[in-house]
Every structure is written in C-alpha cells, then in structure tokens.
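Notes for the one structure printed next.
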Protein chains: 2
Amino acid sequence: MSSKFIDNPLNCPVTRTMSIIGGKWKPIILNCIGDRTIRFGKLNQIIPSISNKVLAGELKEMEHYGLVHRIEFTEMPPRVEYSLTNDGKSLLPLLHELANWGNTHTAKKIIKEFA
Amino acid sequence: MSSKFIDNPLNCPVTRTMSIIGGKWKPIILNCIGDRTIRFGKLNQIIPSISNKVLAGELKEMEHYGLVHRIEFTEMPPRVEYSLTNDGKSLLPLLHELANWGNTHTAKKIIKEFA
DNA sequence: AATTTCGGTTACCTTTTGGTTACTTGTATT
DNA sequence: AATACAAGTAACCAAAAGGTAACCGAAATT
C-alpha cells in the first residue's frame, strides 16, 4: 500500500470498503439478508440486540448505496420486504471471508481475552 | 447466519473480526506493515492523515492482541520497529479481499456519490 | 546555547455512533 | 371503545472514537 492511497483516505480501497460495510451492524445485516427476501420484523427478530431505529437507519443507508432492495406493500398493517441487490450480493463472498477469519483460533482467543 | 450468533454479538464470527480489525485505521495500519519491518515514524509518514496519538494507540492495542510485534531499541533518539506476528500476517489475505472489493466499480461508485 | 530528532504521552475537545423511550398510522380484533 | 399489529419516526442521551496541540527526554547537530 503506497502513500498515495492515504493522503485522501477514500483513495484507499480498504478504507472505501470499510466506510461502506463498516460499523457495528451493517455486515451482520447484509449477512442475515443473504440470498433471501426478508421482512423488517423478521430481521429485528433474528438480530434481537439491534434497536429498530438503528436497523431502519442502516437499511435505509444501504438502500441509498444500492446494496439493499426494499419493497413496500401498501397493506395495513404494513409489510416491507428487504433483499440484496446484485451489488449487495457481490459482498457475500467477502462477508464469508470475514466470518472465516472470525472462526479462526486466533480470533476466538483474542476475543476471549479482551472482550 | 442463525440467530444464536447474535444474542451475544461476539458469538458472531463477523462481529468478532470487525471488533478486532474494525475502526478507521486498523486495517490500513496492518496493510501498511504487511510483510516488512517498519519504524513508527515511517508509518506516520506513509499514513500522514493519522495522528500519532491514534497511531500509537492502535499499535498498542494490536500488540496486545498479538497481531503486531514491537521491538524497542534503547537508543537516543529512540527507535522502535513494528512488524506483524504470524497471527497478524494471517489477516493479510482478508485485507487483500477488502481492498479488492474496494476497487470494484460498485464501491467506487458508492463512494463517489456519497463521500 | 539553542535546536533537532524520535516515539511517544497528556489533557482537552468535537464528532460520530449507537441506544432508549415514546409515538404514529389505519385496519382488524377483542 | 380499547387494543394489537408492522414498520417505522422523533426527541433525547450516553459512550466511544477520533482529532489537536503541547509537552517530554537525552543525545547529536548547528
């Protein structure tokens, strides 16, 4: 990595990726959607520790990015279904690699000691 | 990703990885060290936009994690050399994948529109 | 005698991130 | 008539992350 990438941090490809999928919840949400279509409430159910405010915000941001597709059914009570766009799906192998390293002995040892 | 991973977020491998290498600077620092041995000042030079306070803090944290190796020479002025441990080097392929996705048309487009 | 060098530390401040609680909407159910 | 439902939104708050500027120590250089 040469320094030209870092003068403006967004010229660095690693930083670009992290600024798009970084943060506490985005990679988890993307991974949870995966290849399926899933309702807001279901996402909230399988990620119980996220607040619906944050879930809604992250989904909206990723929808703006074009990673997430949102379909709203005009019913009452409302129904909204989320899925990944092709761009979003292009992240799944990377997320899988993140998960692989997280299952490493190294990662588990670090977490056990410092969490 | 099933919900058992998320009740305690650190049971989720993706979250484990992100909690270790997440943040604004850690992946860049790891990538900059790479396979070489590099002095503190040199790192600061090739990542000019990081403050030395933050650089020192991140290095110390990653040293505690066992990802980074630090050798202090008792000279004056001081000299300190950093390199990756084997555990740290095990992250390089993943960082490379992060960079690959960041070089994607998709990533560049998103950054261009929203940065 | 003053300045430079290197690898930090300290105190302080701002920004960002994420969390909590309450509320909305219109239909259907109790 | 009151309540439940799904998918949020709004107002407010706490914590964490990150940035800035000043300082340190002892030897070498000017």
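Model, not experiment: these values are computed from the prediction. Letters A, B, ... are given to chains in the order of the sequence lines, protein chains preceding strands, and every chain is numbered from 1.
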Notebook entry, point to check: Do any side-chain nitrogens or oxygens of B/Y82 fall under 4.0 Å of OP1 or OP2 in C/dC6?
Noted result: no
Residue pair A/K26/A/P77 against DNA chain C: nearer the 5' end by closest nucleotide is A/K26
d(A/N31 CG, A/L95 CG) to nearest 0.5 Å is 5.0 Å
- Contact class for A/F73 vs. all strands (heavy atom < 4.0 Å): base, sugar-phosphate, or nothing? nothing
*Contact class for B/G57 vs. all strands (heavy atom < 4.0 Å): base, sugar-phosphate, or nothing?*
nothing
NZ of A/K26 to CE of A/M18, rounded to nearest 0.5 Å, is 10.5 Å
Tell whether B/K53 reaches the base of D/dG19 with its side chain through a donor-acceptor pair below 3.5 angstrom. yes
From CH2 of A/W25 across to C1' of C/dG19 the rounded distance in Å is 11 Å
Among C/dG7, D/dA26, D/dT20, the one nearest any side-chain atom of B/S51 is D/dT20
Here the distance between atom P of C/dG18 and atom CD1 of A/I47, to the nearest Å, is 13 Å
| query | Any idea how A/F114 and B/H64 line up, ring-wise: parallel (<30°), tilted (30 to 60°), or perpendicular (>60°)? | reply | perpendicular
Here the distance between atom C1' of C/dG18 and atom NZ of A/K60, to the nearest Å, is 16 Å
When rounded to whole Å, the CZ to P distance for the pair B/R79 and C/dT5 reads 18 Å
d(A/K108 NZ, A/I111 CD1) to nearest 0.5 Å is 11.5 Å
**Message:** Heavy atoms only, 4.0 Å cut-off, all strands: where does A/K42 land among base, sugar-phosphate and nothing?
**Reply:** nothing
Rounded to the nearest 0.5 angstrom, the CD1-OG1 distance for B/I20 and B/T15 is 11.0 Å
In whole angstroms, the gap separating P of C/dT17 from CD1 of A/I50 amounts to 14 Å
With the side chain defined as heavy atoms from C-beta on, B/K24 is closest, among C/dG7, D/dG19, D/dA7, to D/dG19
Taking D/dG19, C/dG7, D/dG8 as options, the one with an atom nearest any side-chain atom of B/V54 is D/dG19
Here the distance between atom P of C/dT27 and atom CD of A/E75, to the nearest Å, is 13 Å
Here the distance between atom P of C/dG8 and atom CD of B/E81, to the nearest Å, is 12 Å
Side-chain atoms of A/R70 come closest, of C/dG18, D/dA7, C/dT9, to D/dA7
Here the distance between atom P of D/dA7 and atom CG of A/N52, to the nearest Å, is 11 Å
Measuring to OP1 and OP2 of D/dA6, would you say a side-chain N or O of A/R39 lies under 4.0 angstrom away? no
